[in-house]
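Remarks on the structure that follows.
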Amino acid sequence: MIKKRGLRGILILASMLCVLTGCGKEETPGTQEEKNSGQYALSYDNEIPEGGIKDDDKYNHKLFYRNDLLQDIADPQMIYISDPDSSEYGYYYLYGTTSAAVGFEAYRSKDLYSWERLSSVMGHLAFEVQEGYAAGINFWAPEVIYDGESGQYYLFYSGTKAGEANGFTYLCLAVSENPYGPFLPCTENGLTEASFLLDVEKANGEVDEKDRGDWLGIDAHPFVGADGEKYLFFCRVADPGDRNYDSVWGMRMDSWSSPDYSTLTKLTSVGYLTVEQTEKTEYESATPRNEGPFVHIRRRDDGSAAYYLTTSINGTSDYAVIQAVSDKPLGPYTKLTEEEGGILLANDNMSWDHVRGPGHHCFIQAGEELYIIYHEQGDRQLGAGWDRYLAKDRVTFAVNGNGQEIMVVNGPTWSLQPQVEEIAEYRNIAGEAAVTATAGQHVEALTDGLLSIYKNVDFITEYETGETATVTLDFGEYREITGLMIYNSKWYEKAFVDVARVELDFRNEALPDGATAYIENLEFDWKSYKNANSDDMRPGGSAVAVFSPLEVKTIRITFECPVERPQELELIDAEGYIVDQTTVAVSEIAVLGK
């Protein structure tokens, strides 16, 4: 096997390049043995830098993204400028907690990776406090929504009263004609630059006595329901005296500046599946927090709408995102249990050593794909400090064990993932192939688009085999392919050490009748994907092979079982004896092609 590791391109020996891409020569190149057998060793790049994964961006960005935590921002929220008449058309705009003492920065990008700081371009912050504003400090968690009727961008945020140091935060509203600002306090519908958004007297007049208070709030989330109505969700912060835990509330809005207080509704109770508090959740810690709400609407096949209320829970290090489901914008909502897939984003009950504090998120549509945008702590292993950085992962839907269609996040990831399809030349086409295996079960799991991440979720399955088996992906026609990603199991005791053999049936000008390119012993980066503190996996990692584009019709991937593990990866039972690995499991296969 000829193997060359590179940074961005694939270097292939001249003779091999002619075989795999065609040179127009009369004589077919390659060794005589290869000519006789019709099988040619494939040169490829496994994208493993010396020493394993490093905290840099030295990988093929045309094919992959990775959460390298390069953009420092907390509480991220994102919008896409879809108006072709706008000067900002095609940009993703990013907002977040950035300059808490004075206001908010805004950033823009067209690739969801390289972010341009707008204050350096425009000469001003997106929002900057001035004397006379209602809030004077502690500016947190901005969220922007565009209103097509008014042609205005509305910025919801929270802040502390000017001159007060008690940290009590209130919801505020600002407006601008441009996504980069400057945003100024909204003065519609009786609001002034010295006004907070919620009128305490009106709010208290619409709720039971036990729920009355000062209406402190953070993390406002505006959205438009399937019914076309405007809604606002927010986290109601505990009032002085701690009468209420931090919980999510919602209401309909007559306009973005005018709440319909008669619809003010409590939507979650910390530590419970519903607001009635009849059944406790098992995944919420002692930290009383349901914050950072964001709602995703999904149309069912019958035309009805399902509302997914997602919210962050717990403390700094064990921060996580969960989901609750309802048929109506204002509920009632029911949180899903962990077994039902209730946890969208977490560090698997604090068992991981490579992710800390994923949460406070939003969702963004990128072409045909849905992504979750969230922050993580910069110190992945210790989980200390308040430095938080931008991350993203794919979102899909699956049916859980109760028959419910639920949101599923392929993450949080630390590994290479296929590049965002909207900006990528090659996308994952594995799901378009017919998949079979000579042995094993759950072969359908290999191309279902779902990464196996969490140990307590069993409705997302992995392919498993107890004997040497070959998986075949048959596209039925030739497709241009440039890379493979073979995702390992989340279970340490079932994970493959390497992929025994990969075969690709291809054709080109030099070999119009076809031949087979092969890779033997495709390496998996155990140094990066084994938990440093225990015999556990850091899930979401794959064995990668990138090569010059080939016209491929069929791919065969062989896994050997039982597995001979090297000494450093030996399986040890409870009594200290070395045991054999009798099962191999694979989470997913991605084929980067056209």
Side-chain angles (χ1 to χ4, degrees), residues 72-79 81 86-88 91 93-108 115-147 150-203 214-222 232 234-237 253 255-259 292 360 386 388:
D72 58 327
I73 194 168
D75 314 324
Q77 188 257 339
M78 198 177 293
I79 62 172
I81 310 301
S86 171
S87 62
E88 302 304 292
Y91 278 107
Y93 262 73
L94 172 66
Y95 309 89
T97 302
T98 52
S99 306
V102 294
F104 302 110
E105 294 272 8
Y107 301 83
R108 68 182 178 187
W115 292 96
E116 183 179 31
R117 186 179 180 183
L118 270 299
S119 61
S120 300
V121 178
M122 305 299 176
H124 58 76
L125 294 175
F127 170 81
E128 186 170 5
V129 66
Q130 303 293 332
E131 186 176 352
Y133 286 8
I137 198 170
N138 293 339
F139 296 107
W140 296 342
E143 186 161 331
V144 172
I145 192 168
Y146 177 70
D147 186 83
S150 66
Q152 302 272 3
Y153 293 86
Y154 289 85
L155 168 68
F156 292 82
Y157 63 98
S158 62
T160 299
K161 289 180 180 179
E164 292 189 2
N166 54 26
F168 297 156
T169 53
Y170 298 84
L171 299 184
C172 307
L173 179 62
V175 65
S176 175
E177 294 180 354
N178 299 299
Y180 48 78
F183 286 87
L184 302 176
C186 183
T187 55
E188 302 171 2
N189 294 306
L191 294 178
T192 70
E193 67 175 21
S195 300
F196 294 115
L197 178 60
L198 298 185
D199 184 300
V200 173
E201 184 175 345
K202 291 181 180 179
D214 293 334
W215 290 94
L216 307 176
I218 57 174
D219 304 344
H221 166 55
L232 184 69
F234 60 96
C235 170
R236 183 178 180 183
V237 182
M253 303 289 285
S255 71
W256 292 125
S257 57
S258 180
H360 202 123
W386 282 88
R388 288 162 288 181

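Computation of the quantities below employed the complete heavy-atom set of this structure, encompassing side-chain atoms and omitting hydrogens, waters and symmetry-equivalent molecules.
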Mutual orientation of the aromatic rings belonging to Phe196 and Tyr170 [parallel < 30°, tilted 30-60°, perpendicular > 60°]: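 Phe196 and Tyr170: parallel rings.
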
Tell me whether the rings of Phe139 and Phe127 are parallel (<30°), tilted (30 to 60°) or perpendicular (>60°).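 Judged by the thresholds at 30° and 60°, the geometry between Phe139 and Phe127 is perpendicular.
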
Measure the shortest side-chain to side-chain distance between [X] and [Y] over non-hydrogen atoms and say whether it is less than 4.5 angstrom.
X: Tyr157; Y: Asp75; value: no
X: Thr97; Y: Pro142; value: yes
X: Leu191; Y: Leu197; value: yes
X: Ile81; Y: Arg108; value: no
X: Leu198; Y: Phe234; value: yes
X: Val175; Y: Trp256; value: no
X: Glu143; Y: Tyr95; value: no
X: Phe156; Y: Ile145; value: yes

Could you tell me the separation between the [atom1] atom of [X] and the [atom2] atom of [Y], rounded to the nearest 0.5 Å?
X: Trp215; Y: Lys202; atom1: CH2; atom2: NZ; result: 14.5 Å
X: Glu131; Y: Glu193; atom1: CD; atom2: CD; result: 9.5 Å
X: Tyr107; Y: Ser119; atom1: OH; atom2: OG; result: 7.0 Å
X: Cys186; Y: Leu173; atom1: SG; atom2: CG; result: 4.5 Å
X: Glu177; Y: Leu184; atom1: CD; atom2: CG; result: 10.0 Å

Going by distance alone, is a donor N or O of one side chain under 3.5 Å from an acceptor N or O of the other, for Glu105 and Thr98?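 No, because no side-chain N or O of Glu105 sits under 3.5 Å from a partner of the opposite role on Thr98.
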
Hey, are Asn189 and Ser258 close enough side-chain-wise for a donor-acceptor pair under 3.5 Å?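 Side chains of Ser258 and Asn189: no pair found under 3.5 Å.
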
How close do [X] and [Y] get, counting heavy atoms only, and between which atoms?
X: Pro76; Y: His360; answer: CD-O, 3.2 Å
X: Ser257; Y: Glu188; answer: OG-OE1, 3.1 Å
X: Thr160; Y: Glu164; answer: CG2-O, 3.6 Å
X: Ile218; Y: Ser158; answer: CG2-OG, 3.6 Å
X: Tyr93; Y: Glu88; answer: OH-OE1, 2.6 Å
X: Gly151; Y: Tyr146; answer: CA-OH, 3.5 Å

Qualifying residue for side chain to side chain contact (heavy atoms under 4.5 Å, CB included) with Val144, from Phe183, Phe104, Tyr154: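 When Phe183, Phe104, Tyr154 are each tested with Val144, the side chain to side chain contact (heavy atoms under 4.5 Å, CB included) holds only for Phe183.
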
